K.L.:
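My questions all concern the structure below.
Hydrogens, waters and symmetry mates play no part in the numbers below; they use all other heavy atoms, side chains included. Just follow the structure's listing: the first ligand is 1, and inside any ligand the first atom is 1. Everything quoted here is computed from the prediction, not taken from an experiment.
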Amino acid sequence: MSVPSAFLLQASDIPTHWYNLNADMPEPMAPPLHPGTKQPVCLEDMLPIFPEVLVQQEMSQERWIEIPEPVRDIYAAWRPAPLYRAVRLEKALDTPAHIYYKYEGVSPAGSHKPNTAVAQAYYNKISGIKRLATETGAGQWGASLAMACQMFGLECTVYMVKVSFTQKPYRKSMMGAWGANVFASPSEHTAYGRKVLAESPDCPGSLGIAISEAIEDTVSTPGTKYSLGSVLNHVMLHQTVIGQEAIKQMEMAGEMPDVVIGCAGGGSNFAGISFPFVRKKLTEGMPVRIVAVEPSSCPSLTKGELRYDFGDTAGMTPLMMMYTLGHDFMPPSIHSGGLRYHGMAPMVSHLYKLGLIEAVSAPQTAIFEAAVTFARTEGIIPAPESSHAIRAAIDEALAAKAEGKQRNILFGLSGNGYLDLAAYDSYLAGTMQG
Ligand SMILES: *Cc1c(COP(=O)(O)O)cnc(C)c1O
């Protein structure tokens, strides 16, 4: 008899609330500090850049926050996202482990990012905002926000890291198709961008610089707010629909994971799949291990320091207590553009500090080896970022085989790789570095 491999939910199973892990943290987090006064930031400090309702979510200790109906209606276009058992991958690895994955690549933008983009666009719209400014690295966030803004009739301006703007034109095309205005960052459009260009005209850009430009644009343009696709508490919150659905789907499968794995750049898809399981670990004593996977070239958790640092390069954001490589860290241009960020979400950093999660890193060629193995067994061509989670899941399955023990592995497949095919070409041609 064949093993069931797809666990699909109904529209009525879309979660009605987001889960706020801050309500269950065993120790409170260190507060963000104002960049000027170095005092804890208050709600008013954040109002120039975010609408009040999102600032309230950012600071909330409420356990469950209701998902507005218009947001759930849009979620229904691709949620509940499917969860699969990777039976052909298990066979290829000849492992006793059961490997499950939750697939977020079914969204229109191809990743988990619309889960928060839609929520953020909605709250800005009902707050009377006309336009959002943001930054994007490889383009997944810019594309997701462009789509969400279009759905709510907001204008959208995106500062896209220059190296990606020139090397990865197709996500820029998606942003254009969804009506956004895209600048290569550093740009001539902001004082900070002009300053960087004056000092180094060939600067390839970084996420930190692009964030500085988007914030400057926001505070100097009336009717505009800023939007961030990862790192912040309210972004982690919005992504928890992933893990809540996954718990229902694992119940359908009749097992619970012994280990939950997610790739981690700023930490949002990892938070999304894992926080509902962290809740079970904290409140029900579920014996689950939770593992974040990052690139060895941008290892904020595994090699960074836990301290207050800025979220951007220019030092305009609040100081956040997080694992960081330093806000002026220039990550090498790996293909997993979405994992090139100097810091890690304060909530994820806090869990790591408390020993509630583990972290590992892997180099790029090992990531693509896992990605190709996955594509050849499961069919889906995974995003390079997501392939970090696949690498760790395969390693867990091989460890189970070596020990001769069954174990249930769940990983988050945060997106598809259909706009990253040049990276696959490079791997297959044997020219990939690292
Ligand atoms: C952006 C992105 C990531 C990394 O961001 P997180 O906030 O760490 O989730 C991972 N996977 C995909 C597919 C992405 O687009």
K.L.:
Measure the spacing between CZ of F277 and CE of M286 and express it to the nearest 0.5 Å.
P.N.:
6.0 Å
K.L.:
Is ligand 1 under 4.0 Å from a heavy atom in the side chain of S111, in the backbone, in both, or in neither?
P.N.:
side chain
K.L.:
Going by the atom numbers of ligand 1, which of them fall below 4.0 Å from some non-hydrogen atom of N269?
P.N.:
6 (P), 8 (O), 9 (O), 10 (C)
K.L.:
How far is atom 11 (N) of ligand 1 from the closest protein heavy atom, and which atom is that?
P.N.:
S414 OG, 2.7 Å
K.L.:
Under a 4.0 angstrom heavy-atom cut-off, which atoms of ligand 1 come close to S230?
P.N.:
6 (P), 7 (O)
K.L.:
Donor-acceptor pair, H342 side chain versus F310 backbone, under 3.5 Å?
P.N.:
yes
K.L.:
I want to know if ligand 1 touches G266 in the polar sense, i.e. an N/O pair below 3.5 angstrom.
P.N.:
yes
K.L.:
Could you list which atoms of ligand 1 come closer than 4.0 Å to a heavy atom of G265?
P.N.:
8 (O)
K.L.:
Heavy-atom contacts with L339 under 4.0 Å: which atoms of ligand 1 show up? List them by number with element.
P.N.:
4 (C)
K.L.:
For E294 and S361, indicate whether the former's side chain and the latter's backbone hold a donor-acceptor pair under 3.5 Å.
P.N.:
no
K.L.:
With no hydrogens and no angle check, do the side chains of E135 and Y226 hold a donor and an acceptor under 3.5 Å apart?
P.N.:
yes
K.L.:
How would you list, by chain and number, every residue that makes a ring-ring contact (aromatic ring centres under 6.0 Å, His included) with H98, sequence neighbours excluded?
P.N.:
none
K.L.:
Can you sort out which atoms of ligand 1 are near G415, meaning under 4.0 Å from one of its heavy atoms?
P.N.:
13 (C)
K.L.:
Which residue owns the protein heavy atom closest to atom 14 (C) of ligand 1, what's the atom, and how far is it?
P.N.:
K113 NZ, 2.8 Å
K.L.:
Has the side chain of S107 got a donor or acceptor atom that lies under 3.5 Å from a matching backbone atom of G110?
P.N.:
yes
K.L.:
Please identify which atoms of ligand 1 are closer than 4.0 Å to at least one heavy atom of H112.
P.N.:
2 (C), 3 (C), 9 (O), 10 (C), 11 (N), 12 (C), 14 (C)
K.L.:
For F183 and H189, take the angle between the two ring planes, folded into 0 to 90°, and tell me which bin it lands in: parallel under 30, tilted 30 to 60, perpendicular over 60.
P.N.:
parallel
K.L.:
Tell me whether D24 is salt-bridged to K280, with the criterion being a basic N under 4.0 Å from an acidic carboxylate O.
P.N.:
no
K.L.:
Test of understanding: given a 4.0 Å heavy-atom threshold, classify the contact between E104 and ligand 1 as side chain, backbone, both, or neither.
P.N.:
neither
K.L.:
Quick check on contacts: which atoms of ligand 1 are under 4.0 angstrom from a heavy atom of A264?
P.N.:
8 (O)
